[in-house]
Amino acid sequence: MTESFALPDSLAAKSDPQLIAADELQFSAITATLKTSLADLTRQLDEARMRAADLERDLEVHRLTARIRALSRYGIDLCLGRIVYGGTGGTVYIGRLGLTAPDGTRLLVDWRSPAAEPFFGATHATPLGLASRRRYRWTQRRVTDYWDEVFTPEGLEHTAALDDQSAFIASLGTNRSERMRDVLGTIQADQDAIVRAGSRGALVVDGGPGTGKTVVALHRTAYLLYSDPRLAAGRGGVLFIGPHSAYVSYVSDVLPSLGEESVQTCTLRDLVPEASVGLDSVEATRLKAGLEMVRAVGNAVRMLEQPPTETVLVETPWADLAIDPGDWAEAFGAAETGLPHNEARDQVWEALLAILADKLGEPADEEVDEFDAYGLSRESGPSLAEGLASDPALRAAFGRAWPLVAAGDLVARLWSSPAFLRRCAPWLGSDDVYALQRTDARAWSPADLPLLDAAHLLLGDPTASHARQQRAAETRAERARMSDVISDLIASDDSDLHIMSMLRGQDLRATLVDDTALPTLSPNVLAGPFAHIVVDEAQELTDAEWQMLLARCPSRSFTIVGDRAQAREGFAGSWASRLSRVGFDDVSVATLSVNYRTPTEIMAEAEPIIRAVLPDANVPTSIRSTGVPVRYTTESVESVLDAWTSEGVACVIGSPEFVERDRVRSLTPEGSKGLEFDLVVLVEPERWSAVDRYVAMTRATQELVIVAREPG
C-alpha cells in the first residue's frame, strides 16, 4: 500500500501502481509545498504583527491568518480530483484552494477558477475537452476510494479504474451526521452552472426536495466571493439567511471548509434584537405580512418629524426667545435626507441653535475659531450657542418637537392606540384596526419582527445622540486637561531655548489627544448594507420580511433558493410575480429537477400528497433506490428506534414528548426544513397539512417509518 492511499482489500485492483503512481507523486509535492507555505505564512504573520497597528497592517494580519487557517484545516485532502484533457492538454489537479510550488509549478487549481470548471461541468454529452475525470474520497487524509469517468475513446487509453457507479451516486448512500457533509467534490453539472452564474439581479434557484438547493446556495456564495469584483477581497459583505437556527447550525461548517469565514449567517429573527414571545390572530398576521404595514411604520416616523405649527416661547438667561413655525421648519430642513430619525436629531439641534444665536446677534459656532470652540482658552467663557444648548427650557421644547424614540415604543403604540394607527394607516377599516390591537402591545409576534426592523432602520439608535454628546464632552475634557498640562510645562520651562513654548501650537496640542481611545458606537453587523444576500427556504417569506432584506441590499443582488411546493402558507403565482411585487426588477429563474437525496420508494409515497394540493408542483425525479419501502406501523417510536442499527442520524417528527437521544433529534415539520436524516419517523402525520407531510417525508435519505397511531 502506498503512502497517500488506504484502499480497502475489496478495492485492491485500484491499488495498481499504474493507476495511482502519478497521483502519489502529485500528493507528495502538495504535502511538501503545504509545509513550506505554512512556515512562510507563519513567518510573514509574525513580521506583520510586529509592525505598528494601522488599517493596512490589520488587513494583512487578517489575510495571513485566514490563509493559515484554511491550509491547516486540510492536508493533501485539499485535492478534490483531477481532469485529463484530450490530445496534449495534460492533467490538472483541482483543489479547495489554489496551491503553487516554490518553483512556480501549479499543483492545485482553485475549484472556483475558470480552469476548474470542466471538473464540475463536463458530461458525456458535453465533455468540455476532457478525456477523463477522477474524484477522490478522503478519510483522515488518506484516499479510501476514487472514481474515474471516461468521456472519449481516447480516455480509455489512459490508466483508469472504471466503476459501476459514479462518485456522486456512491456518496449518496453514506450515513449523515449532525453537520452538512462535504459535497464539493461531487457537485453535478446542473448545480455547477448555477453556482457559477453572475450576481447581477436576483437569481431564483427553484427545486424540490433533495435537489441540492442548499449545496448550490452555499457553494455559490463561496464562488462569488472568489470571482465577483464587487465581493472579492472583502469589498462587499455577504449575508446568508437560513429558515431556522437548527439549519444555521447544520450548515455552519460548509463555508469555512471552503475557505470563507467572512459571511454573516443567521435567520430572519436574528436581524431584530427583540425576541418573539407572543402570537397574533390569523387576521392580524395577515395584515402585518403585507407591505402596507411597513408603509404605516414609515408614516409613523414621518409624523415625528413634522415641525411645530405654533410659536414656542422659551425663557433663557439672555432673553425670551420666540421660536416660530418658520424657525422650526428651517431647523427640521437641516436633517440630512435618508439619515435615521434619532441620528438626524443632532443636525436639527445644531441648526436650531444657530438660528437662535443669529437672532440674538452672535455668529454661529462654525464661524468661531476652531480651537477656540473647544472652550480651552476663550476668556469670555462659552459661546451664546453653547449657553443655549445647556438651557433646560430650550432642551425640553426641542425634545417635544423632535423626540428620541425607540423602535419598540413606536410599534407598540400602533397596537395600543387605535387613533394613532388610523393616522398612520388610514386605509385600514375599523375591523382591521380592532384586529391589530392587543392588551400587551410588546408581546412581539413573528409578524411584528419585520415592522420592528423597519422602525429600527428608520429611527436609528435612540442612544446614539447621547453617546455622541458624551464622546464630545470627553474629548473637550481631555483637551482641557492637556491644555492645563501644557500650560504648566510652559510655565516651568527655564531653558534658554524655551522648548516647551512649541506646545502652544494648535495642531501640536490637538495631536496629544487620542480620539480613537475614546468610546465609540458598535455598529450592528447585520444592519448592512450587503453587496449580496442569499436566502434559503425563501418560499416562506412574507412581503414584509422581504423588505427587511431589500433594505440591507441596495444593489438588489440576491440568490433566492426555494420550492413553491414547500410553502406552508401557499404560494400562488410565479417567483417572478411574487418578487416583482415586493420590489425586485431583475429576476431570473434556474430550475433543479433531479432528486439526489430522497429514494424513489419514499418519493412515490410523497408525490401524490403534494400533487393533490398543488398539481403543478416541481416534484423532482429521484435517481437512486434503496430497496427499502416506506413502513407503516403501530409500534411505539422507541421500539422503532431500538430496532434501528445504522450508525447515521435519525429524526422523530411530530412527537413533542419524545426525549432526544444520541444521534436522534425531535423536531416539528416546520423545524425539519432544510435538514436530512438517514431515518425519519413520522408520528401521526395525518394531523398535518399536505405541505408539512411532504416536507417531513422528504427529509429521509434511507428509511421512512410512519407511526399511524401511538399505543395507549
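Nothing here was measured: the structure is a model prediction, and the numbers come from that model. FYI, the numbering just counts along the sequence from 1.
Looking at heavy atoms from C-beta onward, Arg220 lies in side-chain contact with Leu203 at the 4.5 angstrom threshold. With contacts defined as side-chain heavy-atom distances shorter than 4.5 Å, the pair Val695/Pro669 does not qualify. Residues Thr698 and Val680 fail the side-chain proximity criterion, which asks for heavy atoms closer than 4.5 Å. For the pair Pro273 and His456, the minimum side-chain heavy-atom distance is below 4.5 Å. Inter-residue side-chain proximity for Ile609 and Met697 is flagged as met; some heavy-atom pair is nearer than 4.5 Å. In this structure, Leu451 and Val294 have side chains that are in contact, with non-hydrogen atoms separated by less than 4.5 Å. Using a 4.5 Å heavy-atom threshold, the side chains of Val348 and Phe398 count as touching. Counting heavy atoms from C-beta outward, Glu676 and Arg699 have side chains that stay 4.5 Å or more apart.
Counting only N and O atoms by type, the side chains of Ser557 and His532 include a donor and acceptor under 3.5 Å apart. Side chain to side chain, Trp415 and Asp440 fail the donor-acceptor criterion of an N or O pair below 3.5 Å. For the 3.5 Å distance criterion, the side chains of Ser249 and Ser252 fail to qualify, holding no donor opposite an acceptor. Glu545 and Gln547 share no side-chain donor-acceptor pair at under 3.5 Å. Judged purely by distance below 3.5 Å, without hydrogens or angles, the side chains of Asp536 and Thr214 pair a donor atom with an acceptor atom. A side-chain donor from one of Ser655 and Glu657 sits under 3.5 Å from a side-chain acceptor of the other.
A donor-acceptor pair under 3.5 Å is formed between the side chain of Ser580 and the backbone N or O of Ser577. One N or O on the side chain of His244 and one on the backbone of Gly671 form a donor-acceptor pair closer than 3.5 Å. Using modelled atom types, one side-chain atom of Gln306 and one backbone atom of Arg302 make a donor-acceptor pair closer than 3.5 Å.
For Ala696 against Trp688, the heavy-atom pair with the smallest separation is CB-CZ3, 3.8 Å. Here the shortest heavy-atom pairing between Asp324 and Gly326 reads OD1-N, 3.0 Å. What you find for Gly207 and Asn618 is that their closest heavy atoms are CA-ND2, 3.6 Å. When all heavy atoms of Cys266 and Leu271 are compared, the closest pair comes out as SG-CD2, 3.8 Å. What you find for Ala397 and Trp328 is that their closest heavy atoms are O-CH2, 4.1 Å. Shown here for Ala455 and Leu410, the closest heavy-atom pair between the two residues is CB-CD2, 4.3 Å.
With respect to Asp586 and Arg200, a salt bridge is recorded, a charged nitrogen being found less than 4.0 Å from a carboxylate O. Taking a cutoff of 4.0 Å between a charged side-chain nitrogen and a carboxylate oxygen, Arg665 and Glu660 qualify as a salt bridge. Looking at Asp448 and Lys288, a side-chain N of the basic residue comes within less than 4.0 Å of a carboxylate O on the acidic one, giving a salt bridge. Taking a cutoff of 4.0 Å between a charged side-chain nitrogen and a carboxylate oxygen, Glu684 and Arg687 qualify as a salt bridge. Arg422 has no carboxylate O lying under 4.0 Å from a charged side-chain N of Asp432, or vice versa, which leaves the two without a salt bridge. Using a 4.0 Å cut-off between charged nitrogen and carboxylate oxygen, Arg581 and Asp543 count as a salt-bridge pair. Asp585 has no carboxylate O lying under 4.0 Å from a charged side-chain N of Arg556, or vice versa, which leaves the two without a salt bridge. Using a 4.0 Å cut-off between charged nitrogen and carboxylate oxygen, Asp280 and Arg438 count as a salt-bridge pair. One finds a salt bridge joining Arg286 and Glu283 here, because a Lys/Arg side-chain nitrogen approaches an Asp/Glu carboxylate oxygen to under 4.0 Å.
Among residues two or more places apart in sequence or in another chain, the side chain to side chain donor-acceptor pair (under 3.5 Å) test is passed with Arg413 by none.
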Kindly indicate, with the supporting measurements, whether the criterion side chain to side chain contact (heavy atoms under 4.5 Å, CB included) is fulfilled by Ile560 and Trp575. CA-CA 10 Å; Ile560 297 168; Trp575 279 107; 4.0 Å; yes

Evaluate side-chain hydrogen bond (donor to acceptor under 3.5 Å, both in side chains) for Arg568 paired with Ser689, printing each intermediate quantity in order. CA-CA 8 Å; Arg568 301 185 80 237; Ser689 69; 5.7 Å; no

Side chain to side chain contact (heavy atoms under 4.5 Å, CB included), that's the test. Do Leu394 and Ile323 meet it? Break it down for me. CA-CA 10 Å; Leu394 180 58; Ile323 312 175; 3.7 Å; yes

Starting from the C-alpha separation in whole Å, work towards a yes-or-no answer on side-chain hydrogen bond (donor to acceptor under 3.5 Å, both in side chains) for Asp461 and Asn342. CA-CA 6 Å; Asp461 185 358; Asn342 293 323; over 6 Å; no

Asp228 and Ser199: CA distance, side-chain angles, deciding distance, side-chain hydrogen bond (donor to acceptor under 3.5 Å, both in side chains) verdict: CA-CA 8 Å; Asp228 193 309; Ser199 66; 2.3 Å; yes

Residues Leu549, Leu268; criterion side chain to side chain contact (heavy atoms under 4.5 Å, CB included); working and verdict: CA-CA 9 Å; Leu549 302 182; Leu268 277 170; 3.9 Å; yes

Steps toward side chain to side chain contact (heavy atoms under 4.5 Å, CB included) verdict (Leu526, Leu239): CA-CA 8 Å; Leu526 297 180; Leu239 177 66; 4.0 Å; yes

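Val535 pairs with exactly one of Val561, Leu541, Thr559 by the side-chain contact (heavy atoms from CB on, under 4.5 Å) rule, that one being Leu541. Just one of Leu614, Val613, Asp563 meets the side-chain contact (heavy atoms from CB on, under 4.5 Å) condition when paired with Tyr694; it is Asp563.
Rounding to the nearest 0.5 Å places CG of Leu404 at 10.0 Å from CG of Leu459. Atom CG of residue Leu675 and atom OH of residue Tyr247 lie 9.0 Å apart, to the nearest 0.5 angstrom. Expressed to the nearest 0.5 Å, how far NE2 of His341 lies from CG of Leu457 amounts to 15.0 Å. Going from atom CD of Glu537 over to atom OG1 of Thr267 covers 13.0 Å, rounded to the nearest 0.5 Å. For the atom pair OG (Ser416) and CG (Leu421), the distance works out to 9.5 Å, reported to the nearest 0.5 Å. Rounding to the nearest 0.5 Å places OG1 of Thr265 at 8.5 Å from CD1 of Ile241.
Within 6.0 Å of atom CZ in Arg423, 12 or fewer heavy atoms from other residues, nucleotides or ligands are found, so the atom counts as exposed in its surroundings. Within 6.0 Å of CG on Asp616 lie more than 12 heavy atoms contributed by other residues, nucleotides or ligands. Leu279 CG: 12 or fewer foreign heavy atoms inside a 6.0 Å radius.
Below 30°, between 30° and 60°, or above 60°: for Phe558 and Phe584 the angle between ring planes is above 60°, a perpendicular geometry. Ring geometry, Phe332 versus Trp402: the interplanar angle exceeds 60°, so the pair is classed perpendicular (tilted spans 30 to 60°).
Figure legend: cation-pi geometry between Arg295 and Trp427, with NZ or CZ positioned under 6.0 Å from the six-membered ring centre and within 45° of its axis.
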